[in-house]
Structures are given as C-alpha cells and as structure tokens.
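Reviewing the structure listed below.
All values below come from the heavy atoms of this structure, side chains included, with hydrogens, waters and symmetry mates left out. Letters A, B, ... mirror the listed sequences (proteins, then strands); counts begin at 1.
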Amino acid sequence: MLISASLHLKLKPSAKYSICYFIKHLNSQALAIKNASSPNEALQLFSQMHRQSVPLDSFSMLFTLKSCTHLQNLTVVHHLHSHIFKLGFISHVYVATSLLHAYVITSFELACKLFDELPDRNTVTWNTMIKGYSKCGNVSKAFDVFVQMPLRNVASWSAMIAAYLNGGCLDRGLALFREMVRSEGLKPEQMTIGSVLSGCSHLGSVGLLMGKSVHGFIIKNGWGLNVEVGTVLVDMYAKCGLLKYAFLVFELMKERNVMSWTALICGSAQHGDSKETLLLFEMMQQTGVKPNEMTFTGILSACVHTGLVDEGRKYFNMIEEFGLERRIQHYGCMVDLLGKAGLLEEAYKVIRTMEFEPNVVIWGSFLAACKEHKQFEMAERVIEQVLRMVKPENDGGVFTLICDLYALNEKWDNAERVRKIMLNQNVRKARGSSAMALLRTDL
DNA sequence: CGGATTGGCG
C-alpha cells in the first residue's frame with residue numbers, strides 16, 4: 001500500500017507539492033524503508049525519495065542506515081555519509097551513531113576519523129567506539145575510550161569486559177566484572193553476563209574455566225536460569241566443546257526460544273555431528289519455534305561439514321521460504337559446500353548473483369576449492385580482483401593460497417610477484433589464538 | 001498521530 005502510494009506519486013508529479021500529499025508521503029516513506037524486506041529495497045526507496053526531492057527526515061536516514069549495515073559495503077556507507085553530511089544530520093546523535101556503527105563494520109580507520117569530527121556524542125556513541133577497538137583487538141585503546149567517556153552505562157561496562165576477554169586479558173576482564181558488580185547502581189544485566197560468557201566462548205579451555213566460575217556466580221547470586229542466561233550458558237558450553245553440559249543446561253531451562261535452540265544447533269554443527277544438528281532442527285520446529293538467520297548458518301555449516309550438497313541447497317532455499325534475509329554467511333557456506341564438492345561453476349554463480357560484495361572469506365574458500373580440485377582456470381578468473389582487495393598484513397592466508405595456485409599452474413612469474421608482495425609486507429599467517437598463549441602474554 | 005542510535009554469527 002505504501003509503495004503503491006509512492007508509485008502513484010511518480011505518475012502524478014503535479015500533485016507532488018500539495019501539502020496533504022507531501023506530509024503523507026514523507027511519513028509513509030520512512031515507514032516503508034523501515035518495513036523494507038531487504039537492504040536493497042530500503043536503498044531503492046531511499047534513492048527514490050531523493051530523486052523526487054522529498055525532504056529526508058532523521059527517521060528515513062536511520063532506517064536506511066540500519067538496514068544497510070549488514071551489507072558491509074563501504075561504497076554504500078560513503079554514499080549515505082555524503083547525504084547525511086549535506087543534510088546536516090551529522091549533528092543528530094542517533095543518525096551519527098548509526099553511521100559510526102556502519103563505519104565500524106566496514107572500515108574502522110574511517111570510523112575513528114568520523115568519531116573525531118562528530119559535533120555531538122552520547123553514551124551509545126562512545127560504546128560503539130569501545131566495540132570498534134575491541135573488534136580490531138586494540139584493548140588498550142578500548143580502555144582509553146572507556147576511561148575518557150563522560151558517562152558509562154551497563155552496556156559500556158559490558159563492552160569493555162568483552163574487549164578484555166576477546167583480547168585474551170582474562171583476569172582484567174573478570175576483575176572489571178567484579179568491580180561492576182561491587183560498584184553501586186550497576187547490576188549486571190543479561191547483556192553483561194552475555195558478553196562475559198560469549199567472551200569465554202572464544203577462549204577454549206581457559207575460557208571454559210572462567211565460564212564455569214561465572215556459571216557458579218549466577219547460581220550463588222540465585223539469579224536462576226531464565227531464557228537469556230540459560231541461552232548464553234548453552235552457547236558458551238557448546239562453543240567450548242562441552243556439548244554434554246550444553247545439553248544439560250538446555251534440559252534444565254523451563255523456557256526456550258530461537259536463540260536457545262540455535263546455540264545448541266550451532267554447537268552440534270561445530271562439533272561435526274550433522275545428523276544430530278538436523279534432528280535438533282526438526283525438534284525445534286515441532287515445538288513451534290521458528291528458525292532465524294543464525295539457525296540457518298548452523299544448519300548450513302553442518303551440511304558443509306559432512307558434504308551434504310542436496311540438503312544444503314534445500315536449506316538454503318528454505319531461508320526465503322521462512323521469510324528470512326539471506327546473510328553473507330549463508331552464501332559463504334554455500335560457496336564452501338559447492339566448492340568442496342568440486343562444483344566450482346555453481347559456486348562461482350552463487351558469488352556472482354548474491355546481493356553482497358564478496359568478502360575475503362568468500363574468496364578464500366572459493367580459491368581453496370580451486371586449489372583442492374586443481375581448477376586453475378576458474379581461479380584465474382578472480383585472482384587479480386582478489387589481489388586488489390586483500391591486504392598483505394591481514395590476509396596472509398589468501399596470499400599464500402594465490403601463490404600456491406600460480407605455482408601449481410607453473411606461472412612462476414606471477415607466483416614470484418605475489419611472494420614478493422608478501423615478503424615486503426612481512427606477511428604472517430593469521431595470529432594463532434591459543435588461549436594459553438594469550439594468557440601467557442597477559443601475565 | 002508516531003516511528004529511534006550501540007550489543008549476536010567467520
């Protein structure tokens with residue numbers, strides 16, 4: 001209905017400036033963007049508004065930004081930034097924070113630059129920066145922000161604790177958690193427990209020790225096992241490889257939502273038991289819980305694990321049948337699945353037809369499959385394009401892969417060229433994140 | 001008429 005209203009507008013430009021139409025149009029457009037079924041649809045509505053010279057309000061801007069964040073496309077962010085700047089929305093804290101978040105996702109360097117230039121910031125803005133530094137592993141900078149910010153809320157503490165845990169500073173993370181509990185006025189909410197436990201999830205056996213102590217903390221404080229806390233516990237135990245405990249906590253929970261089921265599904269997928277994963281998916285639906293995007297990431301990765309190509313295709317199509325958005329991770333799984341099965345042409349087609357810009361992960365698994373199946377011609381279609389987007393200091397693995405592919409096909413000049421880029425930049429393969437090694441650097 | 005920012009997944 002809303003869209004038809006705007007189409008109607010297109011047909012009758014004479015009516016465009018009548019006051020009644022103007023107001024109705026303005027409001028309905030913002031809502032239409034909010035309800036858009038995909039980021040591209042939101043963008044289309046946005047540019048339609050712009051083309052028709054409809055004044056953009058902060059809501060249209062916010063909804064567009066929010067919907068495009070998943071695209072992880074720097075060009076789109078730049079485009080929206082220029083609109084925001086021209087319209088003076090850069091001083092609108094909500095809009096500015098949303099834009100900052102979009103930059104944190106795509107290019108943290110530019111996010112820092114924007115943050116310095118912002119005329120107005122609130123707690124959420126500062127929190128976004130803590131998250132950003134945490135994401136790129138700069139714990140001390142994250143702490144600088146945490147100290148510097150004028151006002152801290154529960155989310156700020158959670159973000160900082162998570163930054164410590166993700167950076168491997170376990171004892172400082174735990175100390176901050178205790179300090180937060182002790183300090184007046186701030187009770188850890190689900191979110192804090194959530195970030196503490198999800199931090200533990202990434203740290204393997206050492207994280208498990210800490211996760212258990214937080215679990216004990218929850219029991220000691222008599223907080224009980226509600227859905228939220230139960231779910232993060234299930235997730236933590238599953239990610240740390242203690243699937244037995246994950247099932248145990250899951251059994252104890254009185255109420256279970258999509259997230260609880262999804263944690264278990266992803267855990268068992270990661271564990272390599274695809275039969276059980278798919279069974280859990282059936283059970284979940286039988287209890288009337290509908291899957292979300294992340295559930296499908298788990299299901300698809302289980303298919304990748306066991307090489308279930310037909311099932312993978314089936315579940316991939318199911319995403320839209322459930323009215324869900326396809327995420328870049330879903331495409332990543334499909335490329336991985338098809339590539340490993342040697343169906344490189346189909347994998348290539350998936351990459352070319354998706355609405356996302358392919359990222360390094362996608363190209364990496366495509367090239368790895370090319371190497372595995374000795375399909376050099378297929379690899380050569382994309383290698384130069386990939387070389388242009390990877391950074392030697394971050395994507396050492398992809399460089400090695402490309403070098404191997406050239407060598408495999410006896411293109412020695414090219415292999416040598418890639419090897420030289422790597423040598424000049426002192427490429428190391430991605431830093432191993434053994435929890436023990438991280439702990440040692442901290443002590 | 002009102003509608004809103006960070007937080008989860010490799």
Kindly write out the residues that satisfy side-chain hydrogen bond (donor to acceptor under 3.5 Å, both in side chains) with Asp273(A), not counting sequence neighbours, or none if the list is empty. none
Contacts of Ser156(A) that satisfy side-chain hydrogen bond (donor to acceptor under 3.5 Å, both in side chains) - sequence neighbours left out: Asn127(A), Asn153(A)
For the residue pair Phe143(A) and Tyr164(A), does the interplanar ring angle fall in the parallel (under 30°), tilted (30 to 60°) or perpendicular (over 60°) class? tilted
Salt bridge or not between Glu320(A) and Arg326(A)? Use side-chain N to carboxylate O under 4.0 Å. yes
Taking [atom1] from [X] and [atom2] from [N], how many angstroms apart are they, rounded to a whole number?
| X | N | atom1 | atom2 | value |
| --- | --- | --- | --- | --- |
| Leu151(A) | dT5(B) | CG | C1' | 16 Å |
| Ile105(A) | dC9(B) | CD1 | C1' | 11 Å |
| Phe59(A) | dC1(B) | CZ | P | 13 Å |
| Asp336(A) | dC9(B) | CG | C1' | 15 Å |
| Leu100(A) | dG7(B) | CG | P | 10 Å |
| Leu197(A) | dC9(B) | CG | P | 12 Å |
| Ile161(A) | dG8(B) | CD1 | P | 14 Å |
| Leu165(A) | dG7(B) | CG | C1' | 15 Å |

For the side chain of [X], counting heavy atoms from C-beta on, which of [options] is nearest?
| X | options | value |
| --- | --- | --- |
| Gln329(A) | dT5(B), dG8(B), dC9(B) | dC9(B) |
| Lys131(A) | dT6(B), dG8(B), dT5(B) | dG8(B) |
| His101(A) | dA4(B), dC9(B), dT6(B) | dT6(B) |
| Met259(A) | dA4(B), dG8(B), dC9(B) | dG8(B) |

Base, sugar-phosphate, or nothing: which does Thr128(A) touch, judged by heavy atoms less than 4.0 Å apart? sugar-phosphate
For a quick check of understanding: with a heavy-atom distance under 4.0 Å over all strands, which category does Asn359(A) fall into, base, sugar-phosphate or nothing? nothing
Side-chain N or O of Lys34(A) versus OP1/OP2 of dG2(B): is the shortest distance under 4.0 Å? no
So does His330(A) get a side-chain nitrogen or oxygen closer than 4.0 Å to the phosphate oxygens (OP1/OP2) of dC9(B)? no
Taking the nucleotide of DNA chain B with the closest heavy atom to each, which residue, Tyr94(A) or Gln72(A), is nearer the 5' end? Tyr94(A)
In this structure, are over 12 heavy atoms from other groups packed under 6.0 Å from Phe322(A) atom CZ? yes
Could you check whether atom OH of Tyr245(A) has more than 12 heavy atoms from other residues, nucleotides or ligands sitting under 6.0 Å from it? no
Less than 6.0 angstrom from the centroid, inside 45 degrees of the normal: does Arg152(A) satisfy that with respect to the ring of Trp157(A)? no
For DNA chain B, what residues of residues 62-71 of chain A have any heavy atom nearer than 4.0 Å? Leu62(A), Phe63(A), Lys66(A)
